[in-house]
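Written out below as structure tokens is the structure these notes cover.
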Amino acid sequence: MSASGGTKAIVAALAANLAIAASKFVAFLFSGSSSMLAESVHSLADSGNQGLLLLGGKKAQREATPQHPFGYGRERYIYAFLVSIVLFSVGGMFAIYEGYEKIKHPHEIEAWYWPVGVLVFAIIAETFSFRTAIKESNQIRGTLSWKEFVRRAKAPELPVVLLEDLGALVGLVLALVGVSLALATGNGIWDGIGTLCIGILLIVIAIVLAAETKSLLLGESAGIDEVRKIEEALVDNDTVTGIIHMRTLHLGPEELLVAAKIAVQHDDTASEVAAAIDAAEARIRAAVPIARVIYLEPDIYQDSKRTTPAT
């Protein structure tokens, strides 16, 4: 994922959510709708989440240090994981609490035109943000389905923004349905039910985000295409005759570690082996530019040494 593409989607979502949060809170003050209060807190939490993603991207750019020799690329994963926690606690749990209170103590919605008008405005603004995230994602998604894109993306920003915007749009529709039913029936319990549904939705999305970012934090291998390119670049059938075993690991979204034991000719001199390793590293970096940390161990090929290929 290009950093610029992710940043553009984050900024669009941040601008939309700040405007929506302010309008929803005004609508809550005038109407007393719990759906509006839950949605305003949801949008405020989303704004904070976009701020966390921007902060993580900034911190990840720091240079490597003796204490952190592989750099700070995983900062982006850490802040993406924090987003899921905020979405679960501030967004989901608060909405469930508000929905429960409204169902337990329902009251009619006042000044109905405020929540309805704000919800229509919010749906338009969120659609703009969602459209931006989709457009930026399509530039790198390729032939992957949306589900596969969210699961396989090594850069967390676009999947996070996509799921947040999707959740926001569905939540707005739920809020609009709840408010509309409360107005049509004169029973405020529908507003509470809509709020409760919003909370459940946010918790589900938070759990999905947490699961995906946890996998990235633990360390994921390179994608299938990258592994194939690295294997093809490693073996030249001259100085490097095969791969005994290989491992890859993402140190960050745009930084890959490659470690491999390679087979060389048994009669090569030390200088020839060193030159072969240098040439192999150059071929790998040309084929997969994000492969920035490469460790190659030369060996003489034996069937007993070979392990099942892994990434």
Side-chain angles (χ1 to χ4, degrees), residues 1-3 60-61 63-77 139-145 147-156 158-159 211-311:
M1 186 198 86
S2 67
Q61 295 175 6
E63 295 293 331
T65 64
Q67 188 176 8
H68 297 92
F70 293 112
Y72 293 85
R74 290 194 180 182
E75 290 266 16
R76 288 165 68 179
Y77 300 152
Q139 295 180 11
I140 60 170
R141 184 167 63 95
T143 59
L144 294 176
S145 67
K147 180 180 178 180
E148 290 173 329
F149 174 70
V150 170
R151 290 183 61 86
R152 296 186 186 181
K154 305 304 180 183
L158 281 176
E212 294 304 318
T213 51
K214 174 190 172 185
S215 179
L216 292 169
L217 276 171
L218 289 175
E220 289 190 356
S221 64
I224 297 174
D225 290 340
E226 285 77 14
V227 171
R228 177 182 53 78
K229 291 177 182 178
I230 292 170
E231 290 174 341
E232 291 175 351
L234 257 178
V235 180
D236 63 357
N237 291 316
D238 181 17
T239 54
V240 179
T241 59
I243 301 172
I244 299 173
H245 60 74
M246 184 177 75
R247 301 289 186 273
T248 62
L249 178 69
H250 268 275
L251 301 173
E254 284 97 30
E255 189 169 10
L256 187 65
L257 180 149
V258 179
K261 178 176 282 191
I262 56 176
V264 297
Q265 301 288 355
H266 71 279
D267 56 351
D268 284 347
T269 64
S271 60
E272 289 174 334
V273 170
I277 290 174
D278 290 340
E281 290 178 351
R283 293 195 301 272
I284 292 172
R285 291 192 172 96
V288 182
I290 66 171
R292 299 178 187 174
V293 182
I294 303 174
Y295 298 111
L296 300 180
E297 178 185 354
D299 202 346
I300 305 302
Y301 180 83
Q302 296 177 16
D303 286 336
S304 61
K305 292 182 178 180
R306 191 176 188 276
T307 61
T308 302
T311 56

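Sequence positions, counted from 1, serve as the residue numbers for this chain.
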For [X] and [Y], work out which heavy atoms get closest and say how close.
X: Pro66; Y: Pro69; value: O-CD, 3.7 Å
X: Leu216; Y: Ala153; value: CD2-O, 3.9 Å
X: Ala291; Y: Ile284; value: CB-CG2, 3.8 Å
X: Ile290; Y: His250; value: CD1-CE1, 3.8 Å
X: Ala287; Y: Lys229; value: O-CD, 4.0 Å
X: Arg283; Y: Ala233; value: NE-O, 2.5 Å

About how many Å separate CG of Asp238 and CD of Gln265, when rounded to the nearest 0.5 Å?
-> 7.0 Å
Leu296 CG to Glu281 CD distance, which is reported to the nearest 0.5 Å | 5.0 Å
Given Pro298, which of Ile244, Asp268, Val240, Val264 fulfils the side-chain contact (heavy atoms from CB on, under 4.5 Å) condition?
-> Val264
Taking C-beta and beyond as the side chain, do [X] and [Y] meet within less than 4.5 Å on heavy atoms?
X: Ile140; Y: Leu158; result: yes
X: Leu144; Y: Arg152; result: yes
X: Val227; Y: Met246; result: yes
X: Pro253; Y: Arg76; result: yes

List for me each residue that meets salt bridge (Lys or Arg N to Asp or Glu O under 4.0 Å) alongside Glu255, sequence neighbours excluded, and say none if there are none.
-> none
For Glu272, salt bridge (Lys or Arg N to Asp or Glu O under 4.0 Å) partners two or more places apart | none
Is the number of heavy atoms from other residues, nucleotides or ligands within 6.0 Å of CG (Leu218) greater than 12?
-> yes
How about Arg151: does its CZ atom have over 12 heavy atoms from other parts shown lying under 6.0 Å from it?
-> no
Applying side-chain hydrogen bond (donor to acceptor under 3.5 Å, both in side chains), can you list everything that pairs with [X], at least two apart in sequence or on another chain?
X: Asp236; result: Thr239
X: Lys154; result: Glu220
X: Arg292; result: none

Qualifying side chain to side chain donor-acceptor pair (under 3.5 Å) pairs, either residue in residues 66-75, two or more places apart | Arg62-Glu75, Thr65-Tyr72, His68-Tyr72
Would you sort out whether Ile230 and Leu256 count as a side chain to side chain contact (heavy atoms under 4.5 Å, CB included), showing the intermediate values?
-> CA-CA 11 Å; Ile230 292 170; Leu256 187 65; 3.9 Å; yes
Could you give me the CA-CA distance, side-chain angles and deciding distance for Glu231 and Leu234, then say whether side chain to side chain contact (heavy atoms under 4.5 Å, CB included) is met?
-> CA-CA 5 Å; Glu231 290 174 341; Leu234 257 178; 5.8 Å; no
